[in-house]
There are 2 protein chains.
Amino acid sequence: MRKLSVALGERSYPILIGRGLIAQGHLVADVVKTPRVAIVTNDVVAPLYLDAFVQSLEAAGLYCATVVLPDGEAHKNWETLNAIYDGLLAAHCDRSVTLIALGGGVIGDMTGFAAATYQRGVDFIQVPTTLLSQVDSSVGGKTAVNHPRGKNMIGAFHQPRLVIADTDTLSTLPDRELKAGVAEVIKYGLIRDPEFFDWLEANIEAVLRRDPDVLAETIERSCANKARIVAEDETERGVRALLNLGHTFGHAIEAGMGYGVWLHGEAVAAGMAMAATLSMRLGWMPEDQCRRGIALIARAGLPVCGPALGASRYLALMAHDKKVEAGRLRLVLLRAIGDAEIFSDVPVDDIAAAIDACCPA
Amino acid sequence: MRKLSVALGERSYPILIGRGLIAQGHLVADVVKTPRVAIVTNDVVAPLYLDAFVQSLEAAGLYCATVVLPDGEAHKNWETLNAIYDGLLAAHCDRSVTLIALGGGVIGDMTGFAAATYQRGVDFIQVPTTLLSQVDSSVGGKTAVNHPRGKNMIGAFHQPRLVIADTDTLSTLPDRELKAGVAEVIKYGLIRDPEFFDWLEANIEAVLRRDPDVLAETIERSCANKARIVAEDETERGVRALLNLGHTFGHAIEAGMGYGVWLHGEAVAAGMAMAATLSMRLGWMPEDQCRRGIALIARAGLPVCGPALGASRYLALMAHDKKVEAGRLRLVLLRAIGDAEIFSDVPVDDIAAAIDACCPA
C-alpha cells in the first residue's frame, strides 16, 4: 500500500493507494467519529463492490446505511442530491455520521456536497473507483452539483477525512473511462511535472493495458502533484487554478454537446490540445513542445480536436464558465511542458483562431 | 454607531449597530472584493427599504443586482434557494460577487447558504431588519434551508464579512415579530449573562415600546454575548450549543403545529419555560429563579405554555431534532439565571412530566 498526505493543518488527510483496500474495513473504522457510516454509490458500482465493502466495514464494527443513485453526469443535480438527504434522514443519521463516496467523480462530488451541507456539515471519505476520480476529483475537497445553467455551479470546499484508491476496482472500468482518466494524468505533467511527463511518454502503453505497478505509480505521482497544489492553495485563489488547464475549453465542449456526450476527460484532452495550440500560436510555447504534448494525448487514445461548434459558440460558452473572474476570461496556458501560467488578457481573436485550428469542420 | 467584532481570526468581522445605516453605502463598499453586489430580500421588506438601500450602494460606486423572494418560513426551501441561484446566474455574477441579505432570519439563512454554495462559496453581508435577526441569526455564520423532514437540515457554516443592524428598520416591524425577537434576547440573560437579565427585568417595557436607546443597548448586549460564544466555538462542538436553550422543545412546537403557525421566537419562549420548569423539577434550578425566568418571558408578551400536542408527540418530534447526537437527546437546562448546562441523560419521564406541566390541555 502506498500512502500520501494532503497537508492542510488540522484538516490534513491521507491518500491510500493499493490493491484490495476495500476489503480492509479497518482503514475506515480507524478514522470515523462514531461507528455510523452511510455509503453513497450508484447502480453500476453497487452490483460490483457494494456488498463486499459493506461486509468489510461491518466486520470492522461499523453500522452501514446505503444510498444507491442512478449512474451518470445527467443525475448530478439537486433531485439526486435530495435522494442522499432523504436516505440519511430515513436512516436517522445525525451529524456524527460519516458519509462514504463509493464510485467515480459524480458520486464523489455529490456525496462530498451532501456531507458539506447535511446538518451543516458531516465527515466524509472518498473511495474512488475510476481512474479519473483516483487521480484527481477525490483529492482536494471540491464538491458540487450541476445547475441547469452550468456545471458545478452549486458546491462547496469540503475536505474528506481519508481517500482510499483501491486499484483493483479499475479492472472493471471500461476502456473509454480509463482513457478519460489519463487526460487528467497527462495534465499534471503538462502543468508542473516535466519528469512525470517524460515517464508517461515511456509508459503510456503500459498504463492503457492496466499494468498494476504502472497504474499504481501513475496514481501515486498524480496524487502527489494534486496534494501539493491543494496544500498550497486550498480554495483556488492562486496556483490551484493551473489544474484547470484545458478545462475552460473542455467545459464549452461538454456544455455545447450536452453533458454526458463527451466524457469530462475527453473534453479536457481536446481542451488541453487547444490550450497548447493557443500557447504555441502566441509564441509562448515552442512548437516541438506543443507537438509532444498533443502527441501524448493522441497516444492515450484521447481526442486532440474538438467538435465543430464554431469559435463564436465556444467563446460564448467559455464566458459562462466559473473561471471567469470580474468579467475577464482566465485561461491556463503553457510556457513549456511542465510550466503553466494563468492569463486573463489573451486577445479574443487569438483564442478564436486556435479554436478554429483545433476544431476542423 | 455602536461597533462590535466577532473574533474568528482571518474570518473576523464587525457588527455595526445604529440608526440610518442602510443609507450609508460606504459601509458596504469598504468591505467588498469587487464593486459587484447582489441584494437578496423578500416582498415585504423590498417595498420598504430596497430602493433606498440600492441608491446608497450605487452612490458608493457599487453595481447592484436584486433578487426578491416570497416572504415567510414556508419558502425557506430548495425552490426558493434556486431562485437566488437563478438570479445570480442571470445577472452573470461570478465568484467575486458579494451577496447581501436584506431581511429577517429566513432571508439571512437562505442568502448565507446561497453564498456558501454559489460557485463553491462567495462573500456575503448580513443586513438584518428584524429584532430576532439583529440579535441572533445574523451573527455566527449558521446558514440553512429546511427539508420536508426537518428544519434547517441542509446548511453550512459560512461567516458573513459584515453585519449591519440598522435599528430604524425595526420601526416597521409588527409587534408580534418584535416580541419574538425578545425571546432570543432573554435567552442570553438566562444562559450566561445574569446582569443583562437584571437589566431586562428593569427595561422590558421600554424594549417593547421601542425606545431607540434601549433597543440599541439590547441589540449590542445580545450581539456581544452571541459574538463571544461564536468566537469560542464556531461550529457548535461545545459551548455554542447553549444557544439552543428552549430550541429542542421549540422545534417540536414549530414542527407539530406546522411551520409558520408559531413564530420561531414564540416557540423558543415556550420552550425556555419548559426547560426552566424541567430544570426546577429536577432540583437543578431554584424555584424562585425559575419563576423569575418565566415571569420575564410572560412580561415580554410571549407564551410560557406550549400547545397541547401531548408529551409523547413532543418527544417524538424532539427525537428528530438536529441536536440529537448518536441517538441521545441533548437538552440545555439551567442551574440558575445566567448558568446553563448541556445534559444528555435526562430521564424521559421527567421530560414528559415537564411538558405536561407546561402544556395544559
Side-chain angles (χ1 to χ4, degrees), chain A residues 33-36 63 77-79 81-82 84-90 92-97 109 112-122 140-158 234-237 319-330, chain B residues 33-36 63 77-79 81-82 84-90 92-97 109 112-122 140-158 234-237 319-330:
Chain A
K33 275 196 295 207
T34 69
R36 192 79 157 101
Y63 302 91
N77 55 27
W78 170 260
E79 287 72 24
L81 182 67
N82 218 28
I84 303 178
Y85 297 140
D86 285 339
L88 297 173
L89 287 163
H92 298 289
C93 294
D94 60 37
R95 53 169 76 146
S96 69
V97 72
D109 282 9
F113 187 59
T117 55
Y118 184 67
Q119 301 200 9
R120 297 202 183 95
V122 300
K142 275 196 180 180
T143 74
V145 297
N146 297 333
H147 182 278
R149 284 176 186 257
K151 201 174 157 176
N152 293 332
M153 277 295 163
I154 313 304
F157 286 96
H158 190 60
E234 185 178 3
T235 57
E236 196 167 321
R237 301 185 187 282
H320 275 88
D321 189 81
K322 247 187 352 306
K323 280 93 199 172
V324 175
E325 186 114 320
R328 298 199 304 182
L329 188 59
R330 299 170 77 226
Chain B
K33 275 195 295 207
T34 69
R36 192 79 156 105
Y63 302 91
N77 54 27
W78 170 259
E79 287 71 25
L81 182 68
N82 219 26
I84 303 178
Y85 297 141
D86 285 340
L88 297 173
L89 287 163
H92 298 289
C93 294
D94 61 37
R95 54 168 77 146
S96 69
V97 72
D109 281 9
F113 188 59
T117 54
Y118 184 66
Q119 303 201 8
R120 296 202 184 93
V122 300
K142 276 196 179 179
T143 74
V145 296
N146 297 333
H147 183 279
R149 283 175 186 258
K151 200 173 158 176
N152 294 331
M153 277 293 164
I154 312 304
F157 286 97
H158 189 60
E234 185 178 4
T235 56
E236 196 167 320
R237 300 184 186 285
H320 275 87
D321 190 80
K322 245 182 2 302
K323 280 93 200 174
V324 175
E325 186 116 319
R328 297 201 303 181
L329 188 60
R330 300 169 78 226

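Bear in mind the structure is a predicted one, so any value in this text is a computation, not a measurement. Labels below follow one simple rule: chain letters A, B, ... track the order of the sequence lines, proteins then strands, and each chain is numbered from 1.
Atom NE2 of B/His92 is separated from atom CZ of A/Arg149 by 8.0 Å, given to the nearest 0.5 angstrom. A/Gln119 contributes atom CD, which lies 10.5 Å from atom CG of B/Asn152 (distance to the nearest 0.5 angstrom). Note that CD of A/Glu236 is 5.0 Å distant from CZ of B/Arg95, once rounded to the nearest 0.5 Å.
Looking at B/Ala114, neither its backbone nor its side chain comes within 4.5 Å of chain A, counting heavy atoms on both sides. With a 4.5 angstrom heavy-atom cutoff, B/His158 does not touch chain A via any of its atoms. Neither the backbone nor the side chain of B/Thr235 comes within less than 4.5 Å of any heavy atom in chain A.
Minimum heavy-atom separation, A/Arg120 to B/Thr143: NE-O, 3.1 Å.
Counting only heavy atoms from C-beta outward, the side chains of B/Asn82 and A/Trp78 never approach each other to under 4.5 Å.
Across A/Val97, A/Val145, A/Leu89, A/Thr117, the residue that shares the most heavy-atom pairs under 4.5 angstrom with chain B is A/Thr117.
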